[in-house]
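Working notes, structure below.
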Amino acid sequence: MQVVNHLPDAAFQCLSDIEIEGVRTLPLMYDWPGWWSKMELFRPGISGDILFMDLDTSIVGSLADIASVNQLTLMRDIYRPEGLQSSIMYLPEAAREHVWAEWIDRPRHWMDLYQKGGDQAFLERFWLDRASRWQDRLPGQIVSWKSHVRQALHDDESGDGSIPADARVVIFHGKPRPWDIGW
């Protein structure tokens, strides 16, 4: 359990539609497909601030700084620097209520409207100009495997095959997944 190793006092829970032995789960209540199930983070009854990470995220160092930002924070999208990426989010309880109210009124409408951009595009409606970006708050602590770790394949990538020294979290957005490469 990476979270337990790098943030020992965390009240870790996993959004899941199944029981997972040895893991405290937060049962999914809706049958939304894929990344849309992440919208359940916003439902009433989940109290307190949330530090959320996608399941295909690898923790490689202390989460102390990341867990203590105490303000709405999302990633700047790796491929669309003007956009948001929801791989890792710090979600204060007060910031979630309005998102849920709009979402739950018409989830099918929003899934159809944002089928290309997904939950990230929906969240941009609320937070594009409000949310802090991890890359600004904690430079170098949250990195992309494709852009900052793997051997660079394109001009806009800087990886040399190793984890950058300041990295604490490596985001795997899309393929491959960490388990596909032996992480």
Side-chain angles (χ1 to χ4, degrees), residues 1-16 20 22-26 34-35 37-42 46 48-93 95-96 117-120 123-124 127-128 130-154 156-183:
M1 291 268 280
Q2 294 179 8
V3 174
V4 173
N5 292 339
H6 296 289
L7 196 62
D9 297 328
F12 175 77
Q13 296 183 69
C14 181
L15 275 176
S16 182
I20 305 168
V23 175
R24 192 170 145 212
T25 58
L26 186 61
W35 60 60
S37 62
K38 197 182 305 185
M39 295 307 297
E40 293 207 33
L41 292 167
F42 300 88
I46 301 175
D49 296 351
I50 297 171
L51 173 59
F52 169 83
M53 295 178 213
D54 281 342
L55 290 174
D56 61 351
T57 299
S58 288
I59 301 168
V60 298
S62 172
L63 294 174
D65 292 344
I66 293 166
S68 65
V69 297
N70 293 324
Q71 72 178 70
L72 178 63
T73 309
L74 283 80
M75 273 188 81
R76 177 177 300 107
D77 192 280
I78 299 298
Y79 301 118
R80 299 176 310 115
E82 73 286 352
L84 298 175
Q85 187 170 3
S86 62
S87 297
I88 179 169
M89 303 183 282
Y90 189 93
L91 303 172
E93 184 174 2
R96 300 191 317 259
D119 62 295
Q120 298 170 156
L123 294 175
E124 287 173 358
W127 296 337
L128 188 61
R130 283 192 50 221
S132 290
R133 305 303 193 269
W134 289 111
Q135 295 95 321
D136 299 332
R137 303 261 323 156
L138 300 169
Q141 288 198 25
I142 298 174
V143 298
S144 158
W145 182 82
K146 291 178 187 175
S147 294
H148 307 113
V149 177
R150 76 171 174 192
Q151 188 68 44
L153 302 175
H154 307 284
D156 61 348
E157 298 174 350
S158 61
D160 64 5
S162 61
I163 299 169
D166 292 337
R168 304 294 180 264
V169 173
V170 179
I171 301 300
F172 284 76
H173 41 99
K175 303 286 183 187
R177 305 288 191 207
W179 47 88
D180 295 334
I181 62 164
W183 278 40

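Remember, predicted model here, so these are calculated numbers, not experimental data.
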To check you understand the geometry: which heavy-atom pair defines the closest contact between [X] and [Y], and what is its length?
{"X": "I66", "Y": "R168", "result": "CD1-CB, 3.9 Å"}
{"X": "S16", "Y": "T25", "result": "CB-CG2, 4.1 Å"}
{"X": "V143", "Y": "A167", "result": "CG2-CB, 3.9 Å"}
{"X": "L74", "Y": "Q135", "result": "O-OE1, 4.4 Å"}
{"X": "K175", "Y": "K146", "result": "O-CE, 2.9 Å"}
{"X": "I78", "Y": "H148", "result": "CD1-CE1, 4.2 Å"}

- Message: The test is side chain to side chain contact (heavy atoms under 4.5 Å, CB included); show your working for R150 and I181 and say whether it passes.
- Response: CA-CA 11 Å; R150 76 171 174 192; I181 62 164; over 6 Å; no

Any heavy-atom pair between the side chains of [Y] and [X] that's under 4.5 Å?
{"X": "R76", "Y": "D136", "value": "yes"}
{"X": "I20", "Y": "C14", "value": "yes"}
{"X": "F52", "Y": "S86", "value": "no"}
{"X": "P92", "Y": "N70", "value": "no"}
{"X": "I171", "Y": "I142", "value": "yes"}

- Query: Considering the options D56, T57, L55, which one meets the side-chain contact (heavy atoms from CB on, under 4.5 Å) requirement together with M53?
  - Reply: T57

Rounded distance [0.5 Å steps], [atom1] in [X] versus [atom2] in [Y]:
{"X": "F172", "Y": "W183", "atom1": "CZ", "atom2": "CH2", "value": "4.5 Å"}
{"X": "L84", "Y": "W134", "atom1": "CG", "atom2": "CH2", "value": "13.0 Å"}
{"X": "W35", "Y": "D54", "atom1": "CH2", "atom2": "CG", "value": "11.0 Å"}
{"X": "L72", "Y": "L91", "atom1": "CG", "atom2": "CG", "value": "6.5 Å"}
{"X": "M39", "Y": "D119", "atom1": "CE", "atom2": "CG", "value": "7.0 Å"}
{"X": "L26", "Y": "I50", "atom1": "CG", "atom2": "CD1", "value": "8.0 Å"}

- Verify, without hydrogens or angle tests, whether R130 (side chain) and A95 (backbone) share a donor-acceptor contact under 3.5 angstrom. no

- Message: I'd like to know if the side chain of Q85 and the backbone of D77 have a donor-acceptor N/O pair within less than 3.5 Å.
- Response: no

- side chain to side chain donor-acceptor pair (under 3.5 Å) assessment of R137 paired with Q71: CA-CA 10 Å; R137 303 261 323 156; Q71 72 178 70; 3.0 Å; yes

- Task: Any ring pair (Phe, Tyr, Trp, His ring centres under 6.0 Å) involving residues 58-88? Give me the pairs, sequence neighbours left out, ordered by first then second residue.
- Result: Y79-H173

- Query: For atom CG of L128, is the number of surrounding heavy atoms from other residues, nucleotides or ligands below 6.0 Å larger than 12?
  - Reply: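 Yes, enclosed.
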
